2 protein chains.
Amino acid sequence: MTRTLHLNLFAYGRGHHEGAWRHTKAPRTPLTDFNYYRGLAELAEKGLFDSMFLADVLAGPRASGQPPANHLEPITLLSALAGVTRHIGLVATASTSYTEPFNLARQFASLDHISGGRVAWNVVTSWVNGAQANFGLDRLPTHAERYAKAFEYMEVVKGLWDSWADDAIVDDPTSGLYLRPERVRAIEHKGEHFRVRGPLNVPPGPQRHPLLFQAGSSADGQQFAARHAEAVFTAQPDLAAAQQFYASLKRHVVEAGRRPDSLVVMPGLSAVVASTDAEARLLLEELDELTSVQSGLEHLSTRFGGYDFSHLDLDTPLSVDDFPALGQIEAEKSRVQQYLQRVSRDRPTLRQLLRQLAGARGHFTLAGSPERIADAMQLWFESAAADGFNLMPPTLPNLLETFVDEVVPLLQRRGLFRRAYQQQTLRERYGLARPASQYFN
Amino acid sequence: MTRTLHLNLFAYGRGHHEGAWRHTKAPRTPLTDFNYYRGLAELAEKGLFDSMFLADVLAGPRASGQPPANHLEPITLLSALAGVTRHIGLVATASTSYTEPFNLARQFASLDHISGGRVAWNVVTSWVNGAQANFGLDRLPTHAERYAKAFEYMEVVKGLWDSWADDAIVDDPTSGLYLRPERVRAIEHKGEHFRVRGPLNVPPGPQRHPLLFQAGSSADGQQFAARHAEAVFTAQPDLAAAQQFYASLKRHVVEAGRRPDSLVVMPGLSAVVASTDAEARLLLEELDELTSVQSGLEHLSTRFGGYDFSHLDLDTPLSVDDFPALGQIEAEKSRVQQYLQRVSRDRPTLRQLLRQLAGARGHFTLAGSPERIADAMQLWFESAAADGFNLMPPTLPNLLETFVDEVVPLLQRRGLFRRAYQQQTLRERYGLARPASQYFN
């Protein structure tokens with residue numbers, strides 16, 4: 001079978017660019033309106049996307065000059081979208097730090113049934129400082145503590161998803177036997193962080209486990225991905241960095257005893273698409289003009305665990321000494337590291353750095369014609385930098401619509417992308433097997 | 001305005017009668033199939049029902065000779081139904097004992113937006129022995145402990161729902177102000193069971209608080225209802241008992257400083273409807289024949305916190321000494337009490353008791369023609385026993401369909417029930433006000 005690329009829509013407010021919500025062409029639909037998200041899902045389905053994805057933050061609102069990524073909660077929103085879509089995969093972010101594993105395993109199993117096998121879980125450990133206070137904790141657990149808990153969490157939820165044999169339900173009205181009790185079992189998990197007897201109270205869905213996405217790119221994050229992830233979202237600023245990450249992650253996967261193609265690597269792509277390169281650059285400039293220093297500083301501070309940058313001069317070149325040491329950051333380590341590399345390599349002023357990050361928070365950003373976008377995607381796909389892309393439209397729904405109408409047909413013509421949906425689960429679409437139960441055959 | 005009655009559908013497996021799933025006319029659709037529930041919601045919406053409701057148990061499966069109330073998780077399932085229905089209210093059961101209040105407050109707030117103000121929460125403390133082991137606890141919290149935690153839980157979630165003013169979001173592209181930070185605030189809850197800083201990260205929905213249902217009928221349960229509930233599900237075996245409960249609950253509500261009509265009382269009604277009384281009685285007999293002693297014993301044991309009744313002779317009249325003392329029961333106290341009253345009053349044999357409970361677990365059960373059913377509903381409604389009914393069709397979808405086609409038109413003709421939906425929130429439909437924020441005006 002020819003290798004073709006995967007496309008995931010990262011739905012995010014009115015778009016990933018900080019200035020998107022202020023653009024004259026931005027819709028004014030409230031971001032609490034279900035029909036807004038329904039429209040995005042329908043567009044992505046029209047574009048034959050593999051899946052759509054919602055990020056999540058368990059605190060906030062944090063900024064006054066910027067809509068949040070989403071006002072609505074991912075699992076409820078994606079469940080509602082499951083009812084009104086047929087094909088698109090539904091990727092919900094949920095945290096291993098702040099949700100009871102039994103509840104989370106159950107909601108994903110339930111949504112797998114409801115969606116006919118279209119659910120995926122973006123596993124996060126929640127790096128935002130502040131969330132812990134909504135869950136009775138005095139301080140943000142350290143990066144290492146969060147990952148230790150996440151590893152145990154995965155054991156629990158995989159145990160729960162495996163706690164029923166596929167043939168447990170008999171549903172035989174004649175004999176009066178509904179369920180064979182010997183085909184369902186407790187998991188009796190007793191670990192450092194969790195004690196969960198089980199079984200789950202939802203039978204296995206079409207995929208048994210939701211497809212497992214993950215986005216950690218730190219050392220711990222890559223270890224976690226190598227063990228558990230089946231698809232990885234990653235922020236890579238350019239081709240060389242993406243190739244290096246791709247090789248490193250696939251190596252980890254192989255070292256963990258898995259096949260390299262059992263994990264799909266999906267770098268973020270923020271594509272400012274217009275009829276010509278010049279028009280696209282003009283649009284990006286318009287968006288850049290709509291950003292504010294204050295919003296940029298709020299974002300930067302959040303990324304650095306609450307550190308205050310407001311004393312720095314906006315127009316003096318930065319050095320890494322202006323930032324807290326990496327070892328002190330308990331937030332998303334890999335992204336912070338990427339920002340610091342950018343600073344030490346390019347010596348931007350604070351104003352320039354904020355402007356660079358306003359486009360897509362460090363993700364690969366490209367402004368150009370449909371051909372230029374398709375060329376870049378093909379290059380990354382064919383030179384071991386990506387198995388697909390996490391599309392992060394700078395404005396929504398506009399630049400998603402343009403992408404679907406102008407870029408997708410080019411990818412199809414080049415044989416890089418599907419021309420129709422098959423009837424299949426999301427796992428099958430991503431080329432991944434349905435896990436067998438660890439307890440039953 | 002004329003007082004009219006409320007109708008809620010209690011969706012439960014293939015029906016509330018223990019024999020329903022084995023009946024020849026029962027559908028064979030798997031109970032994990034979303035379309036099964038979609039069909040029920042559409043039928044209830046055709047019948048202009050106020051709402052539909054899903055129970056929940058956080059453990060299981062418990063019985064092999066009986067499908068569970070639901071294989072799917074209520075919040076995900078009702079979210080999906082929100083996408084494909086327009087009017088029906090969506091009542092999700094969720095537990096104050098086993099879910100982080102921040103997560104639960106957020107999912108309900110999100111679903112309120114998604115559904116356009118149609119969400120309700122059936123607040124439960126989870127009495128089933130076994131659930132605690134899925135959440136790291138060694139023993140089932142006592143009835144009193146569960147209620148103490150539930151009272152604090154309500155403070156937290158109401159605080160979170162109140163943490164935004166309605167005008168917090170400005171969304172002004174010209175000024176660049178998305179949100180007025182002074183119109184959102186932390187709640188800084190520090191209690192015995194929970195510490196939650198807040199604010200919530202979802203703005204207030206059309207109803208601000210979900211409509212609050214509750215089903216506890218014990219002394220603690222009635223105190224809780226008087227303080228917090230806006231609608232109460234209750235199991236009442238006959239008119240006299242229902243009248244007594246109705247008066248008692250309304251008195252508690254008034255004592256709590258609320259208006260009596262700020263709480264809607266909804267006894268369960270299990271209606272075996274057929275063209276004639278004789279046909280209806282025949283259908284009930286058919287269903288009774290499909291029950292088994294083993295399933296009945298499993299149910300009874302669960303209700304009594306795991307107590308084993310299998311040593312008792314099936315055909316000897318029971319006495320209350322055959323049961324554990326009420327003070328030792330930490331499960332659902334009011335239902336257990338009702339069962340014990342039945343035993344001491346009627347002295348049934350174990351076989352007879354199981355048969356009586358197989359119909360609807362102690363709820364009011366009536367077999368008859370559409371006229372007989374409508375007469376009983378009118379009598380209860382007009383003699384201070386009910387403000388509406390929690391309809392528990394013995395078989396699903398069949399006896400729901402019959403009810404919608406045959407009983408609803410009679411209620412309409414008598415001026416007891418609506419002839420069309422209004423465009424309104426579920427709160428408005430139940431005659432209840434949208435709560436103001438306790439923090440903002």
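Residue numbers begin at 1 in each chain, while the letters A, B, ... track the order of the sequences. Note that this is a predicted model, so its numbers are computed, not measured.
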Under 4.5 Å heavy-atom distance to chain B, tell me which part of A/A82 shows up: side chain, backbone, both or neither. neither
Is there a donor-acceptor contact under 3.5 Å from the side chain of A/R22 to the main chain of B/T174? yes
With side chain to side chain contact (heavy atoms under 4.5 Å, CB included) as the test, would you mind laying out the steps for B/F135 and A/N103 before giving the verdict? CA-CA 9 Å; B/F135 298 90; A/N103 290 335; 3.4 Å; yes
Looking at chain B, which one of A/H189, A/E188, A/R28 has the largest number of heavy-atom pairs inside 4.5 Å, strictly under? A/R28
Sort A/R38 into side chain, backbone, both or neither according to what part of it lies under 4.5 angstrom from a heavy atom of chain B. side chain
Distance only, no hydrogens: is a donor on one side chain within 3.5 Å (strictly under) of an acceptor on the other, for A/S79 and B/S79? no
Does anything in residues 162-171 of chain B reach chain A? List residues with heavy atoms under 4.5 Å apart, or say none. B/W164, B/I169, B/D171
Residue B/E182 excluded, over 12 heavy atoms near CD under 6.0 Å: yes
Measure the NE2-CG distance between A/H113 and B/L31 for me, rounded to the nearest 0.5 Å. 11.0 Å
Look up atom CG in A/L137 and atom CZ in B/R195, then write down how far apart they are to the nearest 0.5 Å. 7.5 Å
So which part of B/T99 gets closer than 4.5 Å to some heavy atom of chain A, the side chain, the backbone, both or neither? both
Part of A/R183 lying under 4.5 Å from any heavy atom of chain B: neither
Interface moiety of A/F194 toward chain B, non-hydrogen atoms closer than 4.5 Å: neither
Of the backbone (N, CA, C, O) and the side chain (C-beta and beyond), which part of B/D56 lies under 4.5 Å from a heavy atom of chain A, both, or neither? side chain
Out of B/G136, B/G83, B/G198, B/A26, return the one with the most heavy atom pairs under 4.5 angstrom to chain A. B/G136
Segment of A/S175 engaging chain B (4.5 angstrom heavy-atom cut-off): backbone
Of all of B/L160, B/V202, B/V84, B/L177, which one pairs up most often with chain A through heavy atoms under 4.5 Å apart? B/L177
Toward chain A, the part of B/Y98 with a non-hydrogen atom under 4.5 Å: backbone
CD on B/E73 to CD1 on A/I114, rounded to 0.5 Å: 8.0 Å
Pick one of side chain, backbone, both or neither for A/V57, based on which atoms fall under 4.5 Å of a heavy atom in chain B. backbone
Among B/P101, B/P67, B/G19, B/A80, which residue forms the greatest number of heavy-atom pairs with chain A at distances under 4.5 Å? B/P67
Out of curiosity, A/N70 CG to B/N201 CG, how far, rounded to the nearest 0.5 Å? 8.5 Å
If you count heavy-atom pairs within less than 4.5 Å of chain A, which of B/S292, B/G205, B/P199 leads? B/P199
Heaviest contributor of heavy-atom pairs below 4.5 Å to chain A, chosen from B/L72, B/N134, B/L78, is B/N134
What option among A/H23, A/Q132, A/H71, A/R197 has the most heavy-atom pairs under 4.5 Å with chain B? A/H71
Between B/P173, B/G60, B/A109, B/A59, the one whose heavy-atom pairs under 4.5 Å with chain A are most numerous: B/P173
Within a 6.0 Å radius of atom CZ on A/R180, are there more than 12 heavy atoms belonging to other residues, nucleotides or ligands? yes
Under a 4.5 Å heavy-atom cut-off, does chain B meet the side chain of A/D172, its backbone, both or neither? backbone
In terms of heavy-atom proximity below 4.5 Å to chain B, should A/Y37 be classed as side chain, backbone, both, or neither? neither
Heavy-atom contact with chain A under 4.5 Å, split by part of B/T24: neither
What one should report as the nearest heavy-atom pair of A/Y178 and B/P68 is CE2-CD, 3.9 Å
Non-hydrogen atoms of chain B under 4.5 Å away: do they reach the side chain of A/V184, the backbone, both or neither? side chain
Would you please test B/L58 and A/E100 for side chain to side chain contact (heavy atoms under 4.5 Å, CB included) and show each step? CA-CA 12 Å; B/L58 288 163; A/E100 289 283 351; over 6 Å; no
